[in-house]
Amino acid sequence: MKKQNKPIYVTQPAMPPLDEFTEYLKKIWQNKILTNNGPLHQQLEQELAEYLGVKYISLFSNGTLALVTALQALRITGEVITTPYSFVATTHSLWWNNIKPVFADIEPNTFNLDPEKVEAAITPQTTAIMPVHVYGNPCNLDALQQIADTYGLKLIYDAAHAFGVKVNGNSVLNYGDLSILSFHATKVFNTIEGGAIICPDEKTKKRIDFLKNFGFAGETTVIEPGINAKMNELQSAYGLLQLKYVDDNIAKRKTIADIYRKNLIGIKGLRFLNDIEGVTHSYSYFPILIDSKEYAMTRDGLYEELKSNNIFGRRYFFPLISQFPSYKGLPSAQADNLPVAEGITKQVICLPIYPDLTMDEQMNVCDIIKANQRT
Ligand SMILES: *Cc1c(COP(=O)(O)O)cnc(C)c1O
């Protein structure tokens with residue numbers, strides 16, 4: 001086993017060539033338009049809608065404000081059913097809207113919200129469901145839509161991990177009432193910080209555009225208390241360049257995922273997710289699950305072992321959102337309500353995956369995992 005001298009992190013942003021970015025900066029310096037739906041912002045909205053295969057997209061300064069605004073746009077109140085197995089921002093967006101989060105358990109094979117558990121959690125106060133396409137694996141789209149239709153609920157997808165993900169050729173972002181994306185530096189497509197809401201009609205897009213700009217619907221008309229969540233021209237320029245390279249970057253991620261699968265298959269007590277038939281994946285994460293009854297170490301043991309070898313995986317998602325102090329008192333946050341999520345969160349490590357990860361580096365990760373297996 002070779003010594004890993006240079007630290008490897010779970011992700012590293014793919015950055016466009018600097019000289020291409022400076023060309024855009026020159027344009028911006030000439031235009032002197034820095035934000036407020038500038039020309040590059042408009043161009044990025046157009047190009048992204050085309051690339052993703054969606055009707056309308058509204059760009060945001062980050063994904064969290066996109067989530068907060070999506071709930072505002074649909075006037076969601078009361079209770080919203082959501083997953084404990086996600087990044088905290090999913091539930092925080094409810095808190096910022098004075099909405100009570102209700103956690104439902106996840107499926108053991110996709111780690112996404114379990115539609116049966118969602119249905120069981122509905123009360124007269126429920127107004128919406130907020131699922132997450134965890135690691136970019138699509139939720140049970142039809143079942144969730146059917147529940148939303150039956151009970152008259154809105155369906156807002158946190159699709160922060162699902163950039164470019166398609167189901168039978170159709171973007172996963174076209175499902176539900178709204179979807180949100182994050183373009184944070186750690187995501188497959190990044191604008192340093194950034195995000196978006198995807199919506200199916202022009203009227204909703206207009207309302208979202210008002211809301212992200214203080215509620216301004218004209219020079220002197222403010223329709224309601226909006227927020228400031230606009231993407232600026234520098235982020236937009238960076239995004240236009242990212243878009244040129246994103247297919248290449250996703251292809252590199254796929255190669256890395258394939259190599260992990262080839263090298264880690266058959267290790268006792270180690271499980272990973274495979275591609276799903278009919279789904280176009282974007283390989284945003286590579287989670288493995290460690291069952292310490294069969295593998296020679298606990299999850300945390302392996303996590304520390306990797307760390308001591310300069311390899312920094314991440315325990316996404318640990319702890320569960322339902323275990324954070326702000327939420328752990330909720331009745332739905334109790335462990336007996338979330339047995340599957342409680343199990344997965346104790347087993348997961350996300351391994352490094354990003355376009356510039358070298359084959360040697362990747363083999364070092366695999367070698368450490370293999371060296372510690374039970375024989
Ligand atoms: C990254 C992420 C967010 C938050 O996006 P930001 O752009 O960082 O604000 C929300 N939900 C999920 C599931 C995420 O992974």
Side-chain angles (χ1 to χ4, degrees), residues 9-14 44 48 57-72 80-97 99 101 103-104 106 110-113 128-139 155-165 172-173 175-176 178-198 208 212 227-232 234-236 238-239 242 253 281-287 314-322 324 326-327 341 344-345 348 350 353-354:
Y9 299 101
V10 72
T11 192
Q12 178 180 288
L44 184 58
L48 273 174
I57 184 164
S58 180
L59 298 176
F60 275 74
S61 49
N62 63 62
T64 303
L65 283 171
L67 276 171
V68 168
T69 307
L71 292 158
Q72 289 275 323
V80 170
I81 299 169
T82 189
T83 173
Y85 193 76
S86 179
F87 181 62
V88 280
T90 311
T91 305
H92 282 354
S93 72
L94 300 172
W95 192 92
W96 277 83
N97 277 289
I99 293 164
F103 296 110
I106 59 174
T110 63
F111 317 151
N112 289 329
L113 261 184
I129 310 168
M130 187 184 267
V132 180
H133 303 296
V134 177
Y135 309 131
N137 287 319
C139 291
L155 186 50
I156 301 173
Y157 281 107
D158 180 342
H161 301 176
F163 186 92
V165 173
V172 77
L173 306 169
Y175 290 81
L178 297 176
S179 290
I180 78 97
L181 286 169
S182 164
F183 304 147
H184 183 257
T186 54
K187 306 299 206 277
V188 166
F189 171 89
N190 86 81
T191 58
I192 308 173
E193 294 264 8
I197 301 180
I198 286 81
I208 292 165
K212 77 176 178 193
I227 192 103
N228 179 6
K230 303 182 298 287
M231 179 179 281
N232 67 47
L234 277 83
Q235 289 171 291
S236 304
Y238 190 95
Q242 283 283 357
R253 286 172 173 276
H281 293 270
S282 59
Y283 307 95
S284 46
Y285 299 87
F286 195 87
R314 286 295 295 268
R315 289 164 291 184
Y316 292 144
F317 292 100
F318 168 80
L320 297 176
I321 303 176
S322 49
F324 288 113
S326 322
Y327 306 117
I344 303 289
T345 192
V348 73
C350 285
I353 184 166
Y354 50 88

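Both counts, for ligands and for their atoms, begin at 1 and track the order of listing. Residue numbers run from 1 in the order of the sequence given.
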Mind checking whether Phe183 has an N or O less than 3.5 Å away from an N or O of ligand 1?
no
For the rings on His133 and Phe163, is their centre-to-centre separation under 6.0 Å?
no
To the nearest 0.1 Å, how far is atom 3 (C) of ligand 1 from its closest protein heavy atom, and which atom is that?
Phe87 CD2, 3.7 Å
Going by the side-chain contact (heavy atoms from CB on, under 4.5 Å) test, name the single residue among Ile321, Leu320, Val132, Thr91 that passes it with Thr83.
Val132
Within a radius of less than 6.0 Å around CG of Leu234, do more than 12 heavy atoms belonging to other residues, nucleotides or ligands occur?
yes
Any atom of ligand 1 sitting under 4.0 Å from a heavy atom of Gly195?
no
Angle between ring planes, Phe111 versus Tyr85, binned at 30° and 60°: parallel, tilted or perpendicular?
perpendicular
Counting heavy atoms under 4.0 Å, the part of Glu193 that contacts ligand 1 is neither
With nothing but distance in play, are any N or O atoms of Ser182 less than 3.5 Å from an N or O of ligand 1?
yes
What protein heavy atom sits nearest atom 1 (C) of ligand 1, and how far off is it?
Lys187 NZ, 1.7 Å
Starting from atom 8 (O) of ligand 1, which protein heavy atom do you reach first, and at what distance in Å?
His184 CB, 3.8 Å
Among the heavy atoms of Ala66, does any lie under 4.0 Å from an atom of ligand 1?
no
Are any of the side-chain heavy atoms of Tyr157 and Ile198 separated by less than 4.5 Å?
no
Expected output: side-chain Ser282 to main-chain Val165 donor-acceptor under 3.5 Å:
no
Take the angle between the ring planes of His161 and Phe317 and call it parallel below 30°, perpendicular above 60°, tilted in between.
parallel
Among all protein heavy atoms in this structure, tell me which lies nearest to atom 15 (O) of ligand 1, with the distance rounded to 0.1 Å.
His161 NE2, 2.8 Å
Which atoms of ligand 1 sit under 4.0 Å from any heavy atom of Gly194?
7 (O)
Looking only at protein heavy atoms, what sits closest to atom 11 (N) of ligand 1 is Asp158 OD2, 2.7 Å
Using a 4.0 Å heavy-atom cut-off, which part of Thr64 comes near ligand 1: side chain, backbone, both, or neither?
both
Interfacing atoms of ligand 1 (cut-off 4.0 Å, heavy-atom, Ala89)
4 (C), 10 (C)
All pairs passing side chain to side chain donor-acceptor pair (under 3.5 Å) where residues 62-72 contributes a residue, at least two apart
Gln72-Asn97
Ser86 heavy atoms within 4.0 Å reach ligand 1 at atoms 13 (C)
Will you find, in the side chains of Lys230 and Asn232, an N or O donor that is under 3.5 Å from an N or O acceptor?
no
